[in-house]
Asks: 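Encoded as structure tokens, here's the structure I'll be asking about.
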Amino acid sequence: MTKEVFVYNSLSRKKELFTPLHAPFVGMYVCGPTVSGESHLGHARPFITFDIVYRYLLHLGYKVRYVRNITDAGHFEEEGRAAEDKISSKAQLERLEPMELVQKYTNLFHWAMLQFNNLEPSIEPTATGHIVEQITMIQRIIADGFAYEVNGSVYFDVHKYHQVFSEKNMPYGILSGRNLEDQLDTTRELDNQDEKRNKNDFALWKNAPPEHIMRWPSPWGEGFPGWHIECSAMSNKYLGKQFDIHGGGMDLQFPHHECEIAQSTVCNHVTPAKYWLHNNMITINGKKMGKSYNNVIKLSELFAGTHPILQQPYSPMTIRFFILQSHYRSTLDFSNEALQASEKAYKRLMEAYQVLRSTTPAFTATTATETDKKVAALLQDAEHSMADDFNTAKVLANFFELVPIINGIKHQQIALSELSGSSWQQMQQAFDTYLIQIFGLQFEANAHNGKLNDVLELLIDIRKEAKQKKDFVTSDKIRNSLSAIGVQLKDEKDGNISYTFL
RNA sequence: GGUCCUGUGGCCGAGUGGCUAGGCAGAGCUCUGCAAAAGCUUCUACAGCGGUUCGAAUCCGCUCGGGACCUCCA
């Protein structure tokens, strides 16, 4: 943990040295999915981004508690059919239970996370499992005079909060850089807007209309929690009044995270998180991918290649790699072409890694060569880049510069006298540490079982014999037929033949 | 309208004021029975106009373009 890591803190709008509140422990809260629909590519980004952050902190030796919630309470509808408002006429088994819907999409979400090889969070609390905590928190906010009840709903008094906490240098808008006065003229009609004293006020608890199925008893009548309170209640419960990192997508910065700060600050008299990290959006043709833009590509469509703009399926690792190739705070423009490039690049990198870990050439360099120096410089720079706000793109670029060295050694285009064994070992270690452990990349499961390998080895043997006899008709038939099936044979300098799955 | 981000070569994307990032695609060469793979070489860049500076993709200003948030949103 001697390594200095710098992170961009949205709260201060600059890079800061990461110093945990209680090292070696680190508390990290990331806003999880709303399980009212199937996850799309846009959702993949924060969960992959913060998986890298989690893995990196673990790698540095921190003891991290990673909390990522499941938002399963609220006003839900399933695509195609309304989850609600059927209560009066239909029998219970006929109508869709909210928990049924939530269960379905939670399972799908977990499936996708597994595909991406994301580590499981330490705690994955659900909003519905923490109604009591949320009610308790709301009561405290009311008791302190920062919330008021109207018709069974409770609203947070943003203006009063702003007045009182501006004096403590914690105005409302501190995170998003918004000026409350500028917000006043937003004219937007929302449900029960007239109940609020001010338009900026937000709901802590909503009274449930009769047709609303998701409802819980509360001191204010039957209802359901507001949109922001769950994260405050659950982060407080599992990470304490103040914790280290709060993460999520940039689109949550306002109002969601701004409201979280206000709620938590009222309750705990301290700003909830020290570092706020926000990942940028995935765009498609320059536009944010999002439900309201009608341009989402579901993860299942991506993996299966069934979306119209896709020419082929893309594996979870290709998508993970694609995301890692850009910096998490930049927008990332998605296209079939861009994914194709990533797929090829990923394959090239992983094949080099395979060479690295499966061979130990007999190097003859005795003193540090130019190549040794280059390797050392690239590896060191990669380390710095990772510590500089998680610049995974730069780390990968450096690794790609090592690829020609690795392949050159393998194909005898670089002499064994040009590199020392220790450089090879350092590369082995760096590839393993970064690609596998920190970036969470893994070799694709190519469905090769032992028998298939044996069969391929047999074909390779036959081809070798044919080549020796200059029977090129046979050797080409084997190579071309396998290629058509999707197995690529590669003749190597030493006469061996290796293969990869396309 | 308010707040903020952004504009890099055919495409995607890093870039701490001085050292052609990287990937994919294209071209040439080496290797090869021929290919593929691999290696080497190579062509297209920093939206525009000013300013600061010995020096700017990088800092400042203006203009134009794109985007996000202000409403559920990763």
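Here is the naming used below: chain letters follow the sequence lines, and residue numbers restart at 1 for every chain. Everything numeric here is computed off the predicted structure, so don't read it as measured data.
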Asks: Under 6.0 Å between ring centres, would you say that holds for A:Tyr353 and A:Phe443?
Replies: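 Between A:Tyr353 and A:Phe443, the centre distance is under 6.0 Å.
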Asks: Within a 6.0 Å radius of atom CD on A:Glu457, are there more than 12 heavy atoms belonging to other residues, nucleotides or ligands?
Replies: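 It does: A:Glu457 CD has more than 12 such atoms within range.
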Asks: Have a look at A:Phe472 and say if it touches a base, only the backbone sugar-phosphate, or nothing, with a 4.0 Å heavy-atom cut-off.
Replies: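 Answer is base: heavy atoms of A:Phe472 come under 4.0 Å of a base.
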Asks: A:Leu396 has an atom CG; how far is it from atom P of B:rG15, in whole Å?
Replies: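 Answer to the nearest Å: 13 Å.
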Asks: Measure the acute angle between the ring planes of A:Phe116 and A:Phe303, then classify it against the limits of 30° and 60° as parallel, tilted or perpendicular.
Replies: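 It falls in the perpendicular class, over 60°.
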Asks: Does OP1 or OP2 of B:rC69 have a side-chain N or O of A:Lys288 closer than 4.0 Å?
Replies: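 Result: yes.
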Asks: Hey, does the side chain of A:Asn407 come within less than 4.0 Å of B:rG39's phosphate (OP1/OP2), counting only N and O?
Replies: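 Looking at the OP1 and OP2 atoms of B:rG39, one of them is under 4.0 Å from a side-chain N or O of A:Asn407.
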Asks: Going by atom types only, do A:Gln380 and A:His384 share a side-chain donor-acceptor pair under 3.5 Å?
Replies: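 No.
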Asks: With a non-hydrogen cut-off below 4.0 angstrom, is A:Val296 in contact with a base, only sugar-phosphate, or nothing?
Replies: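 If one applies the 4.0 Å heavy-atom cut-off, A:Val296 turns out to touch nothing in the nucleic acid.
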Asks: Over all strands shown, is A:Ile282 touching base, sugar-phosphate only, or nothing at heavy-atom distances under 4.0 angstrom?
Replies: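 It contacts base atoms.
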Asks: Considering only heavy atoms and no angle criterion, is a donor-acceptor pair shorter than 3.5 Å present between the side chain of A:Gln413 and the base of B:rA38?
Replies: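 Side chain to base: pair found, below 3.5 Å.
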Asks: Of the nucleotides B:rG15, B:rC24, B:rG23, which one has an atom closest to the side chain of A:Lys344?
Replies: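 Looking only at side-chain atoms, A:Lys344 lies closest to B:rC24.
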Asks: Between A:Glu401 and A:Gly42, who's closer to the 5' end of RNA chain B by nearest nucleotide?
Replies: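 This one resolves to A:Glu401.
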Asks: Can a donor-acceptor pair under 3.5 Å be found between the side-chain atoms of A:Asp476 and the base atoms of B:rG33?
Replies: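 Side chain to base: pair found, below 3.5 Å.
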Asks: Nearest to the side chain of A:Arg178 - B:rC70, B:rC73, B:rC24?
Replies: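 Comparing B:rC70, B:rC73, B:rC24 against the side chain of A:Arg178, the answer is B:rC70.
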Asks: Touch check for A:Asp333, heavy atoms < 4.0 angstrom, all strands: base, sugar-phosphate only, or nothing?
Replies: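 Result for A:Asp333 = sugar-phosphate.
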Asks: With heavy atoms under 4.0 Å as the rule, sort A:Ser292 into base, sugar-phosphate or nothing.
Replies: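 Here A:Ser292 touches the bases of the nucleic acid.
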Asks: Please check if the distance between the ring centroids of A:His162 and A:His159 is under 6.0 Å.
Replies: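 Ring-ring flag for A:His162/A:His159: false, centres at least 6.0 Å apart.
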Asks: Of the nucleotides B:rA37, B:rA74, B:rG67, which one has an atom closest to the side chain of A:Lys287?
Replies: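 Of all the options, the side chain of A:Lys287 is nearest to B:rG67.
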Asks: Taking atom P of B:rA35 as reference, at what distance in whole Å does atom OH of A:Tyr499 sit?
Replies: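 These atoms are roughly 26 Å apart.
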Asks: Could you check which of B:rC40, B:rA14, B:rG33 has an atom nearest any side-chain atom of A:His327?
Replies: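 From the listed options, B:rA14 comes nearest.
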Asks: Looking only at side-chain atoms of A:Tyr293, point me to the closest of B:rG22, B:rC73, B:rC69.
Replies: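 Nearest nucleotide to the side chain: B:rC69.
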Asks: Could you tell me how far B:rU44 sits from B:rG7 if I compare only their P atoms? Round to whole Å.
Replies: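 Those two atoms are separated by 23 Å.
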Asks: Judged by modelled atom types alone, do A:Asp72 and A:Tyr105 share a side-chain donor-acceptor pair under 3.5 Å?
Replies: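 There is no such pair (donor and acceptor under 3.5 Å, judged by atom type) between the side chains of A:Asp72 and A:Tyr105.
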Asks: Which nucleotide, B:rA36, B:rC70, B:rA38, lies nearest any side-chain atom of A:His411?
Replies: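 Of the options given, the side chain of A:His411 lies nearest B:rA38.
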Asks: Ignoring the backbone of A:Ala397, work out which of B:rG22, B:rG39, B:rA36 is nearest its side chain.
Replies: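 Closest of the options to the side chain of A:Ala397: B:rG22.
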Asks: Does a donor on one side chain and an acceptor on the other come within less than 3.5 Å for A:Ser342 and A:Gln325?
Replies: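 The answer is yes; a qualifying pair exists.
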Asks: Starting at CD of A:Glu4 and ending at P of B:rU16, how long is that distance when rounded to a whole Å?
Replies: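 The distance from CD of A:Glu4 to P of B:rU16 comes to 19 Å, rounded to the nearest Å.
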Asks: Over 60° means perpendicular and under 30° means parallel, so classify the ring planes of A:Tyr275 and A:Phe18, tilted if in between.
Replies: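 Because their plane-to-plane angle lies in the 30° to 60° range, the rings of A:Phe18 and A:Tyr275 count as tilted.
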Asks: So, does the side chain of A:Lys291 form a donor-acceptor pair with the base of B:rC72 at under 3.5 Å?
Replies: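 Looking at the base of B:rC72, it does not pair with any donor or acceptor on the side chain of A:Lys291 (distance under 3.5 Å).
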Asks: Go through B:rC34, B:rC24, B:rC12 for me and flag the one nearest to the A:Arg463 side chain.
Replies: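 Among the listed nucleotides, the one closest to the side chain of A:Arg463 is B:rC34.
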Asks: Across the strands shown, which category fits A:Lys470 at heavy-atom distances under 4.0 angstrom: base, sugar-phosphate, nothing?
Replies: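 Answer is nothing: A:Lys470 stays at 4.0 Å or more from every strand.
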Asks: A:Leu482 has an atom CG; how far is it from atom P of B:rA36, in whole Å?
Replies: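 Whole-Å distance recorded here is 17 Å.
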Asks: Measure from NE2 on A:His40 to P on B:rC72 and round the result to the nearest Å.
Replies: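 In whole Å, B:rC72 P lies 16 Å from A:His40 NE2.
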Asks: Over 60° means perpendicular and under 30° means parallel, so tell me whether A:Phe399 and A:Tyr434 are parallel, tilted or perpendicular.
Replies: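 Aromatic pair A:Phe399/A:Tyr434 classed perpendicular.
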Asks: Of the candidate nucleotides B:rA74, B:rA14, B:rC34, which contains the atom at the shortest distance from the side chain of A:Ala393?
Replies: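 Of the candidates, B:rA14 comes closest.
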Asks: Could you give the CG-to-P distance, from A:Leu175 to B:rU3, as a whole number of Å?
Replies: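 It works out to 17 Å between those atoms.
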Asks: For A:Gly249 and A:Ser342, take the nucleotide of RNA chain B holding the closest heavy atom to each; which residue's nucleotide lies nearer the 5' end?
Replies: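 So the residue in question is A:Ser342.
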Asks: Of the listed nucleotides (B:rG39, B:rG13, B:rA74), which one gets closest to any side-chain atom of A:Met281?
Replies: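 Looking only at heavy atoms from C-beta outward on A:Met281, the closest nucleotide is B:rA74.
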Asks: Spell out yes or no: do the side chain of A:Asn398 and the base of B:rA21 have one donor N/O and one acceptor N/O closer than 3.5 Å?
Replies: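 Counting by modelled atom types and ignoring angles, no donor-acceptor contact under 3.5 Å is found here.
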Asks: May I ask you to verify whether the side chain of A:Arg479 and the base of B:rA35 hold a donor-acceptor pair under 3.5 Å?
Replies: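 Yes, a donor-acceptor pair under 3.5 Å.
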Asks: Can you sort out which residues in residues 109-117 of chain A have a heavy atom within less than 4.0 Å of RNA chain B? Ascending by number, please.
Replies: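 None - not one residue of the stretch has a heavy atom sitting under 4.0 Å from the strand.
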Asks: Is A:Ser330 near enough to B:rA14 that one of its side-chain N or O atoms lies under 4.0 angstrom from OP1 or OP2?
Replies: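 For A:Ser330, the contact criterion (side-chain N or O under 4.0 Å from OP1 or OP2 of B:rA14) is met.
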